[in-house]
**Q** 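I'd like to ask some things about the structure below.
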Amino acid sequence: PLGKLVLLAGFAAALKIDGLHGWPELTLVTGILSFLPKHRTILTSLAAVLWLFLHNNWINWDFIGGLAETGHLNQRWILDMLVGGDLAAIFCGVALLFWYVRNRQGSFLARRPVLVMICCYAAILLVAGLVPLHGDPRTLIWLLIALLSPYLWYFAYALKDAGSKTADGFVAQFGAMRPFYNMVLVSSTPVGKGRAYLRKVETKTSRELSVVQLKAVKLLVWIAVLQRLRHLLQVVLYGEFWKAPATVFHHSGLVLPNLHIPTLETAINLSATGVQLPSGIAWASLIAHFVQAVLGIYVSGNVAVACCRMAGFYILRNTYRPLESQTIAEFWNRFYYYFKELLVEFFFFPVYMRYFKKYPRLRKIAATMAAATLGNMIYHFCRDFAYVHDLGLRAAVTGFQVYAFYTFLLGLGICISQMRSRPAMPAGGIPWIRRLFSFTIVVGFFCLLDVFDYEPRAHTLGAHFAFFLNLFSFHR
């Protein structure tokens, strides 16, 4: 008991240092799970319910607030009733579908529940974007979309698990639908996947639990170091100082020392208006964005991993040494593991197991493009439903051209990487010159790819190509 309390104290201190607002609740829940590991399944489900009421930051409340204003829902309690009723209806509907998949396994719906669910969501989004609805019907359909979207892929994992013989019941599955350890993420990607994966990695003994929790605290300490490094880079590159020092500098009339590197978004905005940056500044902006992106995804994703480990699940890290990757495919696997797993689970394997079985290379290429390109586009278009509401369906689809081009290049790069891959070698057995060459190719590819990794719909593909060409305008 004393050792557990010491670990929990270290966990709480690390969460506080990392700046998590809900650290007291996280510590309390993981403490209960540490002392009552036999009841882990039901406790994680109860914690998920608690977080739905206390820390539901994954719901797009700004969007819902805008709906309330346009729908003249001036009283807060009416909006709360609508949100609660919609969520209850969504969970009841998924519970019925889960029951159907478990008990009617021969039907098409039971064999393809995820496909049916995604198609239904797309159909609702299509109706909302095309049909000129007004008043209460418009408010209700967009509220349904806003509440269903952040749960979409959590439901997908539960429905996929429902068809297996070892699947837990829906109450246990609820603990993996927006679980408490994902509270630090606004992303719709389930870090830790679904209940099926958690069953495999759940600790069984006190010794296993202690080892996993020690690794969780160690990971949080490392995250704190990287977070400070990220803040330091923001100061040096952009002049984004911490609040207190920035206030002191402002009142004293001093200028914040920094390199005045524009952010990648600012640089692309300038290219869109016809301004051509010096190539050195453009490259600095791109490389700085890449470094910030790697550090940012490492911090946000692995905080959720550490909290999940404290709960007794030895899940893999979300980001693990991506800069050691020797191939493009390996980098994609190491950079955002659980997003890659989502695409592999719901897009790669369905294509790989059904099509082009007589043509191994074509089979792998088709499955990879289905995941990295088609699945990637579907995921982000479903997630960013607000653009359909704000711009209309046609403009939202047209504005998606930049990100669609990004997913095509990503899929193509991974396919070429897979075709050229060789048997894995220990890092120590590879000559340093070859490791350096591989590092340059991989990092260079993803740096240049970041020019098109643009999710908003403000610019055309031509504006991004203008910035891309700006990188190679060495005469300036």
Side-chain angles (χ1 to χ4, degrees), residues 52 56-91 93-94 116-156 177-178 185-190 265 268-269 272 339 342 374-407 452-461 463-464:
L52 180 58
N56 45 29
N57 59 320
W58 58 83
I59 296 174
N60 193 339
W61 289 111
D62 291 336
F63 179 81
I64 292 174
L67 282 180
E69 287 182 11
T70 55
H72 305 292
L73 297 175
N74 299 321
Q75 296 183 337
R76 177 71 189 188
W77 69 270
I78 298 178
L79 181 61
D80 290 340
M81 290 288 289
L82 284 174
V83 170
D86 268 13
L87 279 174
I90 288 169
F91 285 122
V94 174
V116 171
M117 183 185 67
I118 299 299
C119 287
C120 288
Y121 176 86
I124 297 170
L125 189 59
L126 192 67
V127 169
L130 289 177
V131 179
L133 299 171
H134 302 283
D136 291 342
R138 182 177 183 274
T139 301
L140 290 174
I141 194 169
W142 279 110
L143 185 60
L144 177 66
I145 291 168
L147 294 173
L148 180 56
S149 174
Y151 280 98
L152 203 60
W153 300 104
Y154 291 88
F155 291 156
M177 296 177 188
R178 283 287 174 183
L185 296 173
V186 181
S187 169
S188 299
T189 303
E265 185 176 0
I268 292 174
N269 289 340
F339 179 60
L342 184 153
L374 179 62
N376 202 337
M377 286 193 291
I378 290 173
Y379 171 93
H380 283 89
F381 197 84
C382 289
R383 186 198 67 180
D384 298 335
F385 61 87
Y387 288 114
V388 180
H389 175 271
D390 297 338
L391 306 175
L393 184 64
R394 183 176 179 180
V397 172
T398 303
F400 199 60
Q401 59 182 289
V402 179
Y403 194 79
F405 183 69
Y406 159 80
T407 62
F452 305 98
D453 185 5
Y454 183 76
E455 295 172 15
R457 316 289 161 90
H459 300 312
T460 63
L461 191 57
H464 289 260

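Just so it is clear, the structure is predicted and the values come from calculations on it, not from any experiment. Just so you know, residue 1 is the first one in the sequence shown, and it goes up from there.
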**Q** Work out which heavy atom in Arg178 is nearest to a heavy atom in Tyr151; give both atom names and the distance.
**A**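 So the two residues come closest at CG-CE2, 3.4 Å.
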**Q** Less than 4.5 Å apart, any side-chain heavy atom of Leu52 and any of Trp58?
**A**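 SC-SC contact between Leu52 and Trp58 confirmed.
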**Q** Checking Asp80 now: which residues fulfil side chain to side chain contact (heavy atoms under 4.5 Å, CB included) with it, not counting sequence neighbours?
**A**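 In terms of side chain to side chain contact (heavy atoms under 4.5 Å, CB included), with neighbours along the sequence ignored, Asp80 is linked to Arg76.
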**Q** With distance as the sole criterion, is a donor-acceptor pair present between the side chains of Thr189 and Tyr379 under 3.5 Å?
**A**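 Judged by distance alone, the side chains do pair up.
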**Q** Could you walk me through whether Ile64 and Leu147 pass the side chain to side chain contact (heavy atoms under 4.5 Å, CB included) test, one step at a time?
**A** CA-CA 9 Å; Ile64 292 174; Leu147 294 173; 4.0 Å; yes
**Q** Which is it for Leu125 and Phe381 under the side chain to side chain contact (heavy atoms under 4.5 Å, CB included) test, yes or no, and what are the steps along the way?
**A** CA-CA 10 Å; Leu125 189 59; Phe381 197 84; 4.1 Å; yes
**Q** If every non-hydrogen atom of Ser188 is compared with every non-hydrogen atom of Tyr154, which pair is closest and at what distance?
**A**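 Closest pair (atom of Ser188, atom of Tyr154, distance): O-CE1, 3.8 Å.
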**Q** Looking only at atom types and distance, does a side-chain atom of Thr407 sit under 3.5 Å from a main-chain N or O of Ala404, one as donor and one as acceptor?
**A**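 Present.
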**Q** Does the side chain to side chain contact (heavy atoms under 4.5 Å, CB included) test come out yes or no for Tyr121 and Leu148, once each step is laid out?
**A** CA-CA 8 Å; Tyr121 176 86; Leu148 180 56; 3.5 Å; yes
**Q** Working to the nearest 0.5 Å, report the span between CG of Leu67 and CG of Asn60.
**A**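 The CG atom of Leu67 sits 9.0 Å away from the CG atom of Asn60.
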**Q** Could you measure the distance from the CG atom of Leu133 to the CD1 atom of Ile141? Nearest 0.5 Å is fine.
**A**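 Going from the CG atom of Leu133 to the CD1 atom of Ile141 covers 5.5 Å.
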**Q** When rounded to the nearest 0.5 angstrom, what is the spacing between NE2 in His464 and OH in Tyr406?
**A**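 Answer for the NE2-OH pair, His464 versus Tyr406, is 13.0 Å.
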**Q** Are His380 and Tyr403 close enough that a side-chain donor and a side-chain acceptor fall under 3.5 Å?
**A**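 Side chains of His380 and Tyr403: pair found under 3.5 Å.
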**Q** Roughly how far apart are Leu342 CG and Asn376 CG, rounded to 0.5 Å?
**A**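 Reported value, rounded in 0.5 Å steps: 10.0 Å.
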**Q** Applying side chain to side chain contact (heavy atoms under 4.5 Å, CB included), name anything that partners Ala272, two or more places apart in sequence or on another chain.
**A**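 Side chain to side chain contact (heavy atoms under 4.5 Å, CB included) check on Ala272 returns His459, Ala463.
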**Q** Assess the residue pair Val83 and Leu87 against the criterion (side chain to side chain contact (heavy atoms under 4.5 Å, CB included)); give the C-alpha distance rounded to whole Å, side-chain angles, the decisive distance to 0.1 Å, and a yes or no.
**A** CA-CA 6 Å; Val83 170; Leu87 279 174; 4.1 Å; yes
**Q** Only pairs under 3.5 Å count here: list side-chain donor-acceptor contacts from residues 382-400, not counting sequence neighbours, and write none if there are none.
**A**
{"from": "Arg383", "atom 1": "NH2", "to": "Glu455", "atom 2": "OE1", "distance (Å)": "2.3"}
{"from": "His389", "atom 1": "NE2", "to": "Arg138", "atom 2": "NH2", "distance (Å)": "3.0"}
{"from": "Thr398", "atom 1": "OG1", "to": "Arg394", "atom 2": "O", "distance (Å)": "2.9"}

